[in-house]
Amino acid sequence: MEEHPELLPLLTVAAGPMRGASFRLRAAPLVIGRAPTADVVVSDPHLSRRHAEVWLAPEGASVRDLGSTNGTWLNDRRISGVEQLADGDVIRLGRTELRVFDPGVARTDPVGFSFGTPRRDHRPTLPLPVPATPPALR
């Protein structure tokens with residue numbers, strides 16, 4: 001996948017001080033925290049200096065809490081060991097939320113909207129209304 005980095009899983013900050021920022025996962029662990037030496041520095045006072053780490057393994061993306069004070073939460077569940085990540089998962093670190101987007105298996109877009117199967121009984125677009133000609137131009 002190194003030759004196609006756009007296919008690597010992406011973490012997007014959905015809430016918190018860095019909202020809108022995103023970064024790609026890689027095989028080497030990315031440390032997330034407040035410390036200037038962290039790979040992903042987040043200026044959230046509720047984060048530990050070295051809060052959590054994420055990485056891409058052959059079996060998929062993973063996250064691990066690094067003994068943080070406030071914990072790392074995956075889909076509203078506090079984690080204690082290594083957890084596998086799936087497309088659409090939400091990681092919460094302090095007041096920061098990271099949304100997982102995995103383009104290889106995506107059922108969501110980078111901000112979390114679900115893609116369902118298209119409905120055959122629903123028109124995807126509607127014609128634009130044509131404004132009536134004003135009486136003065138007739």
**Q** Rounded at 0.5 Å granularity, tell me how far CG in Leu66 sits from CD1 in Ile32.
**A**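 Between Leu66 CG and Ile32 CD1, I get 9.0 Å after rounding to 0.5 Å.
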**Q** Between the side chain of Arg92 and the main-chain N/O of Glu97, is any donor-acceptor distance below 3.5 Å?
**A**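 Between the backbone of Glu97 and the side chain of Arg92 there is no qualifying donor-acceptor contact (under 3.5 Å).
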**Q** Could you measure the distance from the CG atom of Leu98 to the CE atom of Met18? Nearest 0.5 Å is fine.
**A**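 Output value for this atom pair is 8.5 Å.
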**Q** Nearest 0.5 angstrom please: Ile91 CD1 to Thr72 OG1, how far?
**A**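 Separation between the atoms: 8.5 Å.
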**Q** Step by step, work out the side-chain contact (heavy atoms from CB on, under 4.5 Å) result for Phe23 and Val40.
**A** CA-CA 9 Å; Phe23 54 95; Val40 178; 3.8 Å; yes
**Q** Are there more than 12 heavy atoms of other residues, nucleotides or ligands under 6.0 Å from atom CZ of Arg78?
**A**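 More than 12 within 6.0 Å, yes.
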**Q** Is any side-chain heavy atom of Arg50 closer than 4.5 Å to a side-chain heavy atom of Thr37?
**A**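 Contact flag for Arg50/Thr37 side chains = no.
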**Q** Can you give me the closest heavy-atom contact between Pro17 and Thr96, atom names plus distance?
**A**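 Here Pro17 and Thr96 meet closest at CD-OG1, 3.6 Å.
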**Q** In terms of side-chain geometry, is the basic nitrogen of Asp39 or Arg26 positioned less than 4.0 Å from the acidic oxygen of its partner?
**A**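 So Asp39 pairs with Arg26 through a salt bridge.
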**Q** Do the side chains of Val100 and Leu30 join up, straight or via other hydrophobic residues, at under 4.5 Å, putting them in one cluster?
**A**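 As far as the 4.5 Å side-chain criterion goes, Leu30 and Val100 are connected within one cluster.
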**Q** Roughly how far, to the nearest 0.5 Å, is OG1 of Thr12 from CZ of Phe101?
**A**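 Here the rounded value is 8.5 Å.
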**Q** Just wondering, do Asn70 and Ser48 contact through their side chains at under 4.5 Å, heavy atoms?
**A**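 A side-chain contact is absent here, since even the closest heavy-atom pair is not under 4.5 Å.
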**Q** Quick one: do Trp73 and Asp65 satisfy side-chain contact (heavy atoms from CB on, under 4.5 Å)? Show the steps, please.
**A** CA-CA 9 Å; Trp73 300 74; Asp65 182 75; over 6 Å; no
**Q** Taking atom CZ of Arg95 and atom CG of Asp44, what is their separation to the nearest 0.5 Å?
**A**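 It is 7.5 Å, given to the nearest 0.5 Å.
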**Q** Do the side chains of Val42 and Leu93 get nearer than 4.5 Å, heavy atoms only?
**A**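 No, every pair of side-chain atoms sits at 4.5 Å or beyond.
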**Q** Between Arg77 and Glu83, does any NZ, NE, NH1 or NH2 come within less than 4.0 Å of an OD or OE carboxylate oxygen?
**A**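 Result for this pair is yes, salt bridge flagged.
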**Q** Do the non-hydrogen side-chain atoms of Val82 and Val63 ever get within less than 4.5 Å of each other?
**A**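 No, side chains not in contact.
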**Q** Over all heavy atoms of both residues, which pair between Val31 and Ala38 is shortest? Give the atoms and the distance, please.
**A**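 Closest approach of Val31 to Ala38: O-CB, 3.6 Å.
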**Q** Can you give me the closest heavy-atom contact between His46 and Gly94, atom names plus distance?
**A**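 Closest approach of His46 to Gly94, heavy atoms only: CB-CA, 3.6 Å.
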**Q** Examine distances only and state if a side-chain atom of Arg34 and a backbone atom of Leu47 form a donor-acceptor pair shorter than 3.5 Å.
**A**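 Checking the backbone N and O of Leu47 against the side chain of Arg34, a donor-acceptor pair under 3.5 Å is found.
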**Q** If you take all heavy atoms of Gly71 and His51, which pair is closest and at what distance?
**A**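 For Gly71 versus His51, the nearest heavy atoms are O-NE2, 2.8 Å.
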**Q** CZ/Arg99 to CG/Asp87 distance, rounded to the nearest 0.5 angstrom?
**A**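 Between atom CZ of Arg99 and atom CG of Asp87 there are 10.0 Å.
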